[in-house]
Amino acid sequence: MKKLILKNPKTFTEAVHDFVRGISAGKTMTYGEVAKALGKPGAARAVGTALSKNWDPQVPCHRVIRSDGGMGGYNRGMSNKIKILKKEGAL
DNA sequence: TAGTTGACCGGAA
DNA sequence: ATTCCGGCCAACT
């Protein structure tokens with residue numbers, strides 16, 4: 001099974017950013033799912049840390065939510081995040 | 001190299 | 001259903 005990552009990230013953070021960037025609109029994934037998709041099941045915390053350092057609007061980090069269905073934080077504004085999710089139909 | 005931090009997860013009370 | 005506790009992983013200082 002080949003990985004869905006196109007880049008050659010040197011750090012886990014870069015890998016997370018790239019993967020989240022490729023998530024389709026209206027699709028929501030939990031940190032644990034993303035971590036698993038990267039081949040690191042259980043590294044949900046590392047995914048959160050990676051996204052926390054992500055300041056790039058190219059990365060739809062708003063599509064990544066917690067397993068509870070909630071969302072930790074957002075570097076571009078929480079209100080905007082919720083608004084986007086509703087607009088995409090993910091919420 | 002070791003220690004601390006953080007947008008988490010799952011189980012138990 | 002909600003709140004508390006410990007455990008997991010990667011990055012930074």
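Below, each value reflects all heavy atoms present in this structure, side chains not excepted, and no hydrogens, waters or symmetry copies. Small disclaimer: the values here were computed from a predicted structure and weren't measured.
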Taking the side chain as C-beta and beyond, is there a heavy-atom pair between A:Pro60 and A:Val20 under 4.5 Å?
-> yes
Atom-pair distance (CZ on A:Arg45; P on B:dT4), nearest Å = 14 Å
Counting any heavy atom closer than 4.0 Å, what does A:Thr49 reach on the DNA or RNA strands: base, sugar-phosphate only, or nothing?
-> base
With a 4.0 Å cut-off on heavy atoms, is A:Ala43 in touch with a base, just the backbone sugar-phosphate, or nothing at all?
-> sugar-phosphate
Round to a whole Å and report the spacing from CE of A:Met71 to C1' of B:dG6.
-> 18 Å
Minimum-distance nucleotide to A:Thr11 side chain [options: C:dA11, B:dG6, B:dA7] = C:dA11
Hey, does A:Tyr31 have a side-chain heavy atom less than 4.5 Å from the side chain of A:Leu51?
-> yes
Could you tell me the separation between the CG atom of A:Asp68 and the C1' atom of C:dA1, rounded to a whole number of Å?
-> 13 Å
For residues A:Met29 and A:Ile23, determine if any side-chain heavy atom of one lies less than 4.5 Å from a side-chain heavy atom of the other.
-> yes
Mind checking whether A:Val16 and A:Leu38 have side chains closer than 4.5 Å, heavy atoms only?
-> yes
Side chain of A:Phe12 (C-beta onward), nearest among C:dA11, B:dA7, B:dG10 = C:dA11
Return the nearest nucleotide to the side chain of A:Lys53; candidates are B:dC8, C:dC12, C:dA10.
-> C:dC12
A:Lys36 atom NZ is separated from C:dC9 atom C1', nearest whole Å, by 16 Å
A:Met29 CE to B:dC9 P, straight-line distance once rounded to whole Å = 12 Å
Using a cut-off of 4.0 Å on non-hydrogen atoms, how would the nucleic acid contact of A:Ser52 be classed: base, sugar-phosphate, or nothing?
-> base
Take atom CZ of A:Arg66 and atom C1' of C:dT3, then tell me their distance rounded to the nearest Å.
-> 13 Å
Under 4.5 Å between any side-chain heavy atoms of A:Val59 and A:Asp18, yes or no?
-> no
Just how far, in rounded Å, is C1' of B:dG6 from OH of A:Tyr31?
-> 11 Å
Expressed in angstrom and rounded to an integer, what is the separation of A:Lys10 atom NZ from C:dC12 atom C1'?
-> 14 Å
A:Ala44 side chain: which of B:dC8, B:dA7, C:dA10 is closest?
-> B:dC8
